[in-house]
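Everything on this sheet refers to the single structure shown next.
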Amino acid sequence: MPLALLKRALLGSRVKDRQFIWPGDLKKSYDVVIIGGGGHGLAAAYYLAKNHGITDVAVLERGYVGGGNTARNTAIIRSNYLTPEGVRFYDESVRLFQDLSFELDINLMYSQRGHCTLAHTDAAIRTMRWRAEVNKHLGVNSELVLRDDLAKQVPLLDMSEDVRLPILGALFHPPGSIARHDAVAWGYGGLASHRGVEIHQRTEVTGIEVEDGKVTAVQTNRGRVACGRVLQAVAGNSSEVARMAGIRLPITSIPLQACVSQPLKPFLDPIIVSGSLHVYVSQTPRGELVMGGSTDPYPLYQTRSTLEFKEELMMHLLELFPFLSEVKLLRQWAGTADMTPDFSPVMGETPIRNYYIDAGWGTWGFKATPVSGKRMAETVATGKVPDLIEGFRLSRFTEFDLVGEKGAASVGH
Ligand code: PYC
């Protein structure tokens, strides 16, 4: 139970002001400017203040806190990746998530369920076995389970053999979890602001000033702000913001849609993913099914929902759980996935001195929030890129040193 709940129960009073501290006008300059008030930017602000004592920080958010991709994902946390770089990185995030409700003193509704990636073909079974071996080698709990064990674990999953894509087994990853995504941003933002970080909402960056190869200021709709260092963390808009600094990113931005059903009696413990059926689904502690499928088949900067997505997703969901045919959907939404050619993120330095980047999250941004915040804060504070994120450097694309992670996607691309 988060400490705040316990304190409130015992003291019977309000423990601390949960609201962000609203800053007034922008100052003329800051040591660090963070562009983007989503989970990643706010987590970096929090760790800058907490781990490095750097509090002369402004987070600039063009909308409202956590209103972008932070609230537009399906809130899945896991580390069952394919590459050693990916497994190590997301494993640190999973570990940070496990204690995050305590650390941030807010109920993140963190719920560890296990994560099952279904295999419908012999080739998929081989890939799951490979992923399980890479995971285990790096200390991450994953194993291949075959039909009979899976049927016991998820009794309502349709295990019929006379269907289009029978289920042969799954990669089972016990640490797989879900959490309340916007609360993660609120938690980091609230504590960062109480440590002195200024969070400026409705503050849009309109230009980035660079002198002699070094960032010196950002221009905003509320005036110019000089700065020593900048961290860009604007999922879904990375290419546009980087372009203002003269940086070209190898990123394509593609809509990723999702939806949520009416609440149902709990029947689904693990998160279920089928790459072949293009569907992933989890049941929240409130009983709703949170579901998603493939990215849209075209690049676009729009977060609109389509009927095609819903129809296709429901068709595939019913192949797994036919008894859900009468269930109503409550809500549909979309985020923007910034996809890189190797399906891994971009973190660290850029060709502009003191301009750091956290981008290219594709379909894995939410689950990386704590680790990217912590490690990007370390990078900005020390000027040294931690080993854990070195593999994700921007220059890998010109060095032909890619980190191919497509095989670990839950989402069809
Ligand atoms: O990586 O687990 C995942 C995921 C699910 C939906 C989008 N990404």
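One-based numbering, in listed order, for ligands and for the atoms of each.
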Practice task
Verify the ring-centre separation between Trp364 and Tyr81: is it less than 6.0 angstrom?
Solution key: yes

Handout entry: Where at least one partner belongs to residues 117-167, residue pairs that pass ring-ring contact (aromatic ring centres under 6.0 Å, His included), sequence neighbours excluded
Key = none

Exercise for the section: Count the heavy atoms of every other residue, nucleotide or ligand shown that sit under 6.0 Å from OH of Tyr64, and state whether that count exceeds 12. Expected result: no

Completion exercise
Contacts of Tyr280 meeting ring-ring contact (aromatic ring centres under 6.0 Å, His included) (sequence neighbours excluded), chain-then-number -> none

Polar pairs, ligand 1 vs protein, N/O only, below 3.5 Å.
from: ligand 1; atom 1: 1 (O); to: Arg78; atom 2: NE; distance (Å): 3.3
from: ligand 1; atom 1: 1 (O); to: Arg78; atom 2: NH2; distance (Å): 2.8
from: ligand 1; atom 1: 1 (O); to: Lys367; atom 2: NZ; distance (Å): 2.8
from: ligand 1; atom 1: 2 (O); to: Arg78; atom 2: NE; distance (Å): 2.8
from: ligand 1; atom 1: 2 (O); to: Ser410; atom 2: OG; distance (Å): 3.1
from: ligand 1; atom 1: 8 (N); to: Thr363; atom 2: O; distance (Å): 2.6

Problem - Sequence-distant partners of Phe392, ring-ring contact (aromatic ring centres under 6.0 Å, His included), two or more places apart - result: Phe89

Handout entry: Residues Arg286 and Thr284: side-chain donor-acceptor under 3.5 angstrom
Key = no

